[in-house]
Amino acid sequence: MKGAMQMTDEKSKAENTFHKKIGKTNYKVTVHFSETSNETITDKINRLIQKECEDMSYKKDKEIS
């Protein structure tokens, strides 16, 4: 049974992996999501955007002072 589970894990990882080339550097990206999270992908993206805006605002305020 352990062998079957390992093959399933490897297949799952392969499906959640992609390669991205930026300039002369190749990146291997593996995506994973928590199955127990209470936050939707929309919630997560909105939270990240909000934090980025707050960080940018803070940096701008520091430059002005």
- Message: Between V31 and F18, is there a side-chain heavy-atom distance shorter than 4.5 Å?
- Response: yes
- Query: Can you tell me how far the NZ atom of K44 sits from the OG atom of S37, to the nearest 0.5 Å?
  - Reply: 5.0 Å
- Query: Do you reckon I41 sits in the same ILVMFWY cluster as V29, going by side-chain contacts under 4.5 Å, direct or chained?
  - Reply: yes
- Message: Return the OG1 to CG distance between T40 and D43, rounded to the nearest 0.5 Å.
- Response: 3.0 Å
- If we only count heavy atoms from C-beta on, is the R47 to K51 side-chain gap below 4.5 Å? no
- Message: With rounding to the nearest 0.5 angstrom, report the CD to CD distance, E54 to E52.
- Response: 10.5 Å
- How far does CD1 of I45 sit from CD1 of I49, to the nearest 0.5 angstrom? 7.0 Å
- Item | Spacing of K20 atom NZ and T25 atom OG1 [to the nearest 0.5 Å] | 12.5 Å
- Taking the side chain as every heavy atom from C-beta outward, state whether T17 and K28 have any atom pair closer than 4.5 Å. yes
